[in-house]
Visitor: 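Could you have a look at this structure, given as structure tokens, before my questions?
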Amino acid sequence: MKKRKAMLLRNAMRTGFRSKERFLSLFGIIAISTGFFAGLRVTSINMKNSADQYYQDTRLMDLHLISNAGFCGDDLRALSERTEIAQLYGGYTEVDYITVSGESTDRTVHVFSIPENGEKPGNMINQPELTEGRMPQQPDECLIEVNTPGCYEIGDTVILKLADPENSLLTKTEFKAVGKADWSMFTDFQRGTTTIGNGTIDSYLLVPESAFSSDVYTDVFLTLNKTEGMNSYTERYKKIVSKEAEELLQSVPALSAARAVQLRQEAEERLKEARAELDSGLADYETASANLEQAVKDGNVQLASLKEQRDAAEAELEPKRALYAEHEASYLELKARFDEQEEVVNAKEEAANGTLQKKNEQIGQIDRLSDLIIGYRESAITQPFTEDIQTIIDQMEPFNSEEFDLTGSLTAYFTAPVRSDDKANLEVVITNYLIRCKSILQTEIAEAQANLEESSYGRNALEAFRHTVTDRESSLNSEKAELDELENTYQTLAEAYDTKKAELETLDRETRETLLQTKQMLDEGEIDYAAGVAQLDHIADSIKWYAADRNANPGWSSYEQDADRINRISRIFPGFFLLVAALVCFTTMTRMVEEQRTEIGICKALGYSTAAISGQFLLYALLASVLGTAVGTAIGFQVFPRVIFICYGMMYRYPSISCPYHWDYALLCFGAALLCTGVTSLIACGATLREAPVKLMRPKAPRKGRRILLERWRALWSRLGFYQKITLRNLFRYRSRFLMTVIGICGCTALLVTGFGLYHSVSAIVDLQYGAVFTYDLFGIYDESAEHRETLEQTLADTEAVSEYQFGLIKTGTAKVGSAGYEVTITVPEKPEEFAKYVTLRDRNTHKAFTLDDSSVIISEKLAQVLDIEDGASIELDGAARPVRVKAQAENYVYHRVMMTPALYEELFGAYSTNCFFSNLQDGADENAAAETLLKTDALQTLELTSEKGAYFHKLVRALSYVVILIVVCSGLLAFVVLHNLANINIIERKRELATIKVLGFYDKEVSSYVFRENIVSAFCGMLLGLFAGIFLCRYIVRTAEVDLVMFARDIPWYCFVFAAVMTIGFTILVNLILRKKIREIDMAGSMKAIE
Amino acid sequence: MAFVQLTDVCKNYRTDEISVCAADHISFEIEKGEFVIVVGPSGAGKTTVLNLLGGMDQCDSGEILIDGARIDGLSPRELTRYRREDIGFVFQFYNLVQNLTAAENIEMAAEICENPLSPADMLSRVGLAERAAHFPSQLSGGEQQRIAIARALVKRPKLLLCDEPTGALDFTTGRHILQLLQDFCRNDGMTVILITHNRALMPMADRVIELRSGKVSDMIVQEKPVPVSEIEW
């Protein structure tokens, strides 16, 4: 029996190795799929375990306690007496600004104290891992980390600018960097948030405890006994820690009793001081009121005497005023009369003088006429006369009288001929007449003159009257002067009185006001004091402790999320993979049993038991499974976790990953492999064994040829060549294998599409974010000062390269719906209507543009996703007055964003002021030169060139890209193995047929295409299906693999399909090329053998 | 010159351990249109001779002339061409392509050579015109072998090689097949070489070549071959 078994075993071995290719492909497919599956599956476990090892090695705290009252020494002692606490450290933390190259900035640094020499290194809670240098020993020494802004190196002096100098606990602001360290408190590149600066903490700094001076610790870090050696990424750990934290917080009153007493003493002290202050204040108030009363009284007395003087002066003045008025009236009457009289006299004198003058003129006229007459004695003129003569004649008109017509005579005289009698007569007559007229005139003149001289018109009386008037006037004037003096005296007195009165009133009012205020303050002080006194008993209750577990460490939780993400990918990806592999194993083993049909029959005929016969197949399967699993897992367990860890290492600072051999997963894989190979072969073998041995030894009837449906279409079928016919018939004849190939290739192609799609999704985001969404070229942040803004505005306007710019506000906040909160960047452009020039707000799919309005915010699509909200829902923003409605979800890939208008911002947060600007450059402008100009203003805190941005994200993208490459390589390998295996089976199964057609004289090429046509058709069908299936697989994987902060591109560009298709086609061709050799080597003699 | 001429043909099969001399200085000649039977016990070298004549294998030394052309020393591709153009092959187990109908099996052969006969004519000459659309699995062994003969002859080969064509058939059917082969030889002048271990068939041949241990032990030319109908085994 033993020997028989040995023979069977030998047979089994020979069978196995006779077809090396079959064994190798079986082995290969088991190795690849188990390696891929197990490797990916354990990656997240290894990642978490290695990280946890780091936490344990560095004794990372389990709980971080913070109190609103701080912790005193006795609190710590009380804590250390608690049995559940393993280790405890009370220390100090503070957030300050750090200077970069001597300039103060808004870069913030979280300063932590670490225990000093007393504590043995290595036994320290939250032990930093030195990467360079040594631990600080002096109060002015510090450890820096990789993130320290401004590229500080060991030996540099780190200078801090205290954020709140009055309340700072630090005794130093300058520290010498003596070492560089990694710290398990911060394992990624996030450093948390704060309330100063722009809200983000940029770095941490570890200083000795002695750099702080305070009796009260700000922070307590502790580890728990129960969690000793426990993996902190397990649910159990989290449960224990949260339970312990709860219990600890419940006993806060007991724990903080000492601090409460201390606080009470301090409070009482303060109250005592306050009482004293209040009392002295009250006394001061009393004095001041008394003083005021006195001052008012004195003032009133002075005012009364002033009033008296004024009234006396007024009394004296009144009668004088009346008398003067009377005198003035009578004077004015007199003066009027005088003026009237003077007028009459003057008029009369003027009339007399006029008559006199006229008569003198007439005498002159007569004289001139006489001269004229004499002049014309010897000459005569005819009419009309010259003007002179006529005038003179006309002037003589008044002298015409009844007895003598002077003018007629004169005319006659001048016209009378010379030496005529008339002329001489006329001359005599006229001359005589004229003499007479002249003498009459002279007599009248003399009379008139005499009248005038005698003052017959009353000139003398007038002059006497004038004298009287003048006398009266001067007496009135002197009276007036006297009166004016009295008036002055009175006015001065009245003014003095008014001034004094106003002064007094002001003094009274103002002092009373001050006193009232003082009184109010005193009253308030009293109320406060009373409240303080009342509060004394509640001090113990007011102490609040907060416990933060490791989940509050930014790196700790995001690392867990990343590991879980890998875990999720590893669930779907290799599952798909295993499915394909299982199908192939299944086919291979079934085929193998069929091939061994005759031998099974022989063995059965020879009397071997069913178990013994099946056993050899099981053995074969076992061997392939053991070897395949062993090699696959050995490689997979190392390669996958390490590669992925290296990728993620770019984002985290974990020292190393350990990759132990996971027996559980290895056994699982082995089981799966054995199930696919061994059990399959047993089933196939069992089916075969049920037949009678005689029947088995006879050749199994070849599979019947069958007509296919297509043949009914005669027109087409008759046109097909024999190759096409045979290919089509074969496809339908070996339906299961066709299906197997289609499914296998479909799976591989889908995996390839997914791989490339994922790669695109990851790599495209940088370009999309900084090309399509952020279209601005330069972005700068300054502090909120108006002065800096002015400088920048001026510079931006003056820089030619800058085509346009806009100011805005950017700040970090938290957006919440329910309890889920995410850190967001809030952007508030000053001119929302022009914001589209700088940032594209649009729907990712439809590219429909969104605009900001004053009633709602626009958030990034991914934020809506992680918060699980739709448009129109409300979100709560940290510090906002009310929840705000979400208007739309805008395309955005990196970070979470909330955008709103200044009006809405003011409504939610209060005052709006700008702290950043967006700007675009002219086409072709030198952006570096523009940036330099702006930086020279010294007004900026940061300046980002969009073209250089995204460097950080490239890291993240690269990390995932490597994972994708890994997936593509594995999928390719799988595709290759699947194709090779199936094609190989196809050839082996039809060896005889192929040998026959070779004998018939088919060239190698014709034989190859005879067999490969089927492969190509089924691979092509599988590929088409796979391209389609890939869309869904890729979408699923992309969603699963996303990091919270980042949204991957969701589209699958055409080239992913092309690459996947090309690779599938390439593998098909490669497999065909490899198998072509095998076809060449088919022995034609095989055609002559009996059917196996 | 003879139609088929083998001169001092040697063939050794070497595996790692053992070297078997399958053909040891074999020489014979066959005239055109002859019905030749190569006979011998298992391991005598019948199959080797068949392989060499059929262009499926190369001899180590010696000379093989078919219709005046040497086929020893041809490249694999030239050998394939030779098989394609000059040789018709009938197998013991018919070796029809299961997935092609009777007619299609014949067409398959016709398709690859330059000047074939009409497949339909061939089908009727083997008396199976009415079964053209049947698949091999729907035909009896004799019918399948007839289709195989039609497939071999449709190419107008110079030489028809038959490897135990009756080996898998019962007596009556086998006689029908032999009759068919003899008819083609007599009526169409086809040179037929039939390989068998069955000495009972010897009388029907024009020439009998007897092999023993890789050597030609006897060659008989029969002037008066017996008709197939008179042969029994």
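Values below: every heavy atom of this structure, side chains too, minus hydrogens, waters and symmetry copies. First the proteins, then the strands, lettered A, B, ... as listed; each starts at 1. All values derive from a computational prediction rather than experimental measurement.
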Visitor: Would you tabulate the side-chain donor-acceptor contacts of residues 112-121 of chain B under 3.5 Å, counting partners in other chains and residues two or more places apart, or write 'none'?
Guide:
{"unit_1": "B/Ser118", "atom_1": "OG", "unit_2": "B/Ala120", "atom_2": "N", "d": "3.3"}
{"unit_1": "B/Ser118", "atom_1": "OG", "unit_2": "B/Asp121", "atom_2": "N", "d": "3.2"}

Visitor: Which residues, numbered in order, of residues 1000-1016 of chain A come under 4.5 angstrom of chain B by heavy-atom distance?
Guide: A/Leu1000, A/Gly1001, A/Phe1002, A/Tyr1003, A/Glu1006, A/Tyr1010
Visitor: Using a heavy-atom cutoff of under 4.5 Å, enumerate the residues of residues 189-196 of chain B that contact chain A, numbered in order, or state 'none'.
Guide: none
Visitor: In this structure, are over 12 heavy atoms from other groups packed under 6.0 Å from B/Lys158 atom NZ?
Guide: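 More than 12 heavy atoms, drawn from other residues, nucleotides or ligands, come within 6.0 Å of this atom.
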Visitor: Listed by residue number, which members of residues 75-87 of chain B have a heavy atom under 4.5 Å from any heavy atom of chain A?
Guide: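 From residues 75-87 of chain B, the residues near chain A are B/Arg77, B/Thr80, B/Arg81, B/Arg83, B/Arg84.
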Visitor: May I ask you to check whether over 12 heavy atoms, not counting those of B/Phe3, lie within 6.0 Å of atom CZ?
Guide: yes
